[in-house]
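The next block holds one structure in the form of structure tokens; read it before the comments.
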2 protein chains.
Amino acid sequence: MNGQAAQADPSMESEPLMEVMLRPVRAHHGFEGCFEQLATAIRLGVYPKGSTLPPERELAARMGVSRATLREAIAALRTAGLLQSVRGRGGGTRVLALPEIVPTNPPDLGERREELLDSLVFRRVVEAGACHVAASRPLSDKQRTMLRAALADVARAQGRRAHRQADSRLHLGIATLTGSPHIIDAVTRSQADLHTLLTAIPVLSVNIEHSDAQHEAIVRAIIAGDPSRARRSMEQHCDDTAALLRGLLG
Amino acid sequence: MNGQAAQADPSMESEPLMEVMLRPVRAHHGFEGCFEQLATAIRLGVYPKGSTLPPERELAARMGVSRATLREAIAALRTAGLLQSVRGRGGGTRVLALPEIVPTNPPDLGERREELLDSLVFRRVVEAGACHVAASRPLSDKQRTMLRAALADVARAQGRRAHRQADSRLHLGIATLTGSPHIIDAVTRSQADLHTLLTAIPVLSVNIEHSDAQHEAIVRAIIAGDPSRARRSMEQHCDDTAALLRGLLG
DNA sequence: CAGTAAAGGTCTGGGGCCGGACCATTGACC
DNA sequence: GGTCAATGGTCCGGCCCCAGACCTTTACTG
């Protein structure tokens with residue numbers, strides 16, 4: 001990189017900042033972005049098996065792409081066997097199946113190791129922050145009920161996939177309580193990044209019981225309106241999960 | 001929105017989650033994204049007046065766009081009087097001037113009020129989280145020196161704009177210490193969102209002194225390797241800044 | 001049973017963006 | 001002074017994506 005002009009502050013080691021400041025723009029990837037988001041939403045259980053996506057025109061508007069581009073992404077998901085489209089009134093695009101959780105190849109994990117470790121760090125920041133914010137806000141009865149229901153769903157989920165999805169919905173549900181689109185977006189992206197890796201955690205009784213106890217502590221702190229306790233509980237939860245995952249990453 | 005199929009969990013109020021889960025893909029906005037990022041980098045002082053941007057080919061690769069698209073964004077910034085290009089060896093694209101900070105129209109602020117309030121909430125989460133992570137890591141002498149230098153730059157900055165830029169560089173500098181691209185990205189976006197609004201804070205002696213004292217506490221806690229104190233100090237700093245800004249937003 | 005609304009399906013012309021190749025300028029080096 | 005490398009500048013064919021218009025299907029309603 002060329003040296004800076006004289007006016008630039010020499011005491012500030014800003015090259016690293018210049019390095020990281022300009023990042024990929026994500027232009028020209030409408031199809032890819034659509035496909036990824038829809039697959040992630042289905043995978044995380046936001047659109048469970050049997051549910052119907054919003055109508056195409058509405059979805060295109062919400063995602064900020066043309067209907068043609070959206071339709072291509074939906075076509076690809078249909079080809080993959082995840083979606084089914086039915087035309088006519090009362091029709092729509094329905095979730096047929098959940099995406100296969102492909103156990104990632106060790107070399108692939110190796111390639112993505114740094115990125116996944118970064119995602120773990122970021123997850124801890126935003127999920128703990130989300131808990132703090134959620135516990136700071138007055139919650140409606142409806143919101144408390146939603147939270148308790150999501151917690152109960154995790155406890156009674158059978159099998160690795162169902163448990164993973166219920167877990168994701170609980171974490172995402174907490175994020176929605178913050179009322180902050182930025183936080184929701186950050187938690188969503190972090191969940192999406194780590195979903196496959198989180199699914200690799202062995203669903204052993206002892207792990208589940210520990211995890212369930214931590215979830216309960218988090219939910220209780222949020223409902224009690226105790227921001228510090230909510231954050232600390234989530235930090236502990238993220239730390240324990242991260243310890244397991246770091247074992248997988250090597 | 002169409003009702004869900006029978007299998008969908010009725011106890012989970014997931015409509016809000018479905019609402020927020022799918023967000024704009026940002027397709028087909030290469031030029032816009034480039035322009036915005038470059039203008040922000042200049043505005044935040046990452047590329048100060050007189051400095052040279054990386055060569056076009058390198059910049060295009062880093063931002064993941066074609067050189068043609070990047071050149072269009074640079075051309076627009078040149079037309080705006082911010083950049084100057086010189087061809088030939090030893091040439092390059094130099095920063096001529098800083099973007100005008102246009103004092104935003106009250107109606108505009110009103111339109112963006114919710115978004116800016118959200119950015120304040122998000123800022124608190126990611127900046128406090130960044131401090132926590134930065135204070136948790138072993139820092140090199142170089143990094144400590146960078147931090148102290150950035151702090152000194154804020155203290156000696158003259159005038160609203162110079163002070164704002166030095167302030168941004170300190171916050172961004174802290175983010176770089178985390179070593180986490182996700183955190184750096186989040187802090188960058190949050191700084192970019194709030195930059196204009198933060199510049200609107202009156203640069204009164206009492207405000208500056210208070211802010212400087214808080215900055216010092218933050219830096220001291222990070223250097224001391226005290227994550228909780230670093231986070232709390234940044235939370236306090238963000239809260240005090242937010243209180244001023246909420247006054248502006250009404 | 002006809003009309004209507006709500007859904008998906010198809011087609012078209014045009015702009016945005018891409019990757020690559022090549023040209024022109026400038027300064028360092030031998 | 002010629003060569004070379006490092007920079008910006010220009011051009012081209014092609015793909016992605018867009019917005020809109022219009023068609024077809026399906027189920028509800030009066």
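None of the values given here were measured: they were computed from a predicted structure. Below, chain A is the first sequence line, B the second, and so on; all start at residue 1.
- Judged by atom type and distance alone, Arg87(B) does not reach the base of dT26(C) through any side-chain donor-acceptor pair under 3.5 Å.
- Residues Phe31(B) and Glu56(A) each lie close to DNA chain C; by heavy-atom proximity, the contact nearer the 5' end of the strand is made by Glu56(A).
- In this structure, the nucleotide among dC18(D), dG8(C), dC18(C) sitting nearest to the side chain of Ser85(A) is dG8(C).
- The side chain of Arg67(A) lies closest to dA21(D), out of dC18(C), dA21(D), dT10(D).
- In summary, Asp193(A) and Arg189(A) do not engage in a salt bridge, as defined by a charged side-chain N under 4.0 Å from a carboxylate O.
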Query raised in the report: Would His171(A) and Arg123(A) satisfy side-chain contact (heavy atoms from CB on, under 4.5 Å), going step by step from the backbone distance to the final call?
Result: CA-CA 11 Å; His171(A) 286 254; Arg123(A) 176 192 191 225; 3.5 Å; yes
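- A donor and an acceptor atom sit less than 3.5 Å apart, one in the side chain of Arg57(A) and one in the base of dG9(C).
- Defined by atom type and a distance below 3.5 Å, a donor-acceptor pair is present between the side-chain atoms of Arg78(A) and Ser85(A).
- Sequence order on DNA chain D of the closest nucleotides to Gly88(A) and Gly30(A) puts Gly30(A) first from the 5' end.
- No donor-acceptor contact under 3.5 angstrom links the side chains of Gln158(A) and His163(A), judged on distance only.
- In the set dG9(C), dC18(C), dA7(C), dG9(C) carries the atom at the smallest distance from any side-chain atom of Arg78(A).
- Residue Arg89(B) has its side chain nearest to dG27(C) when only dG27(C), dT10(C), dG9(D) are considered.
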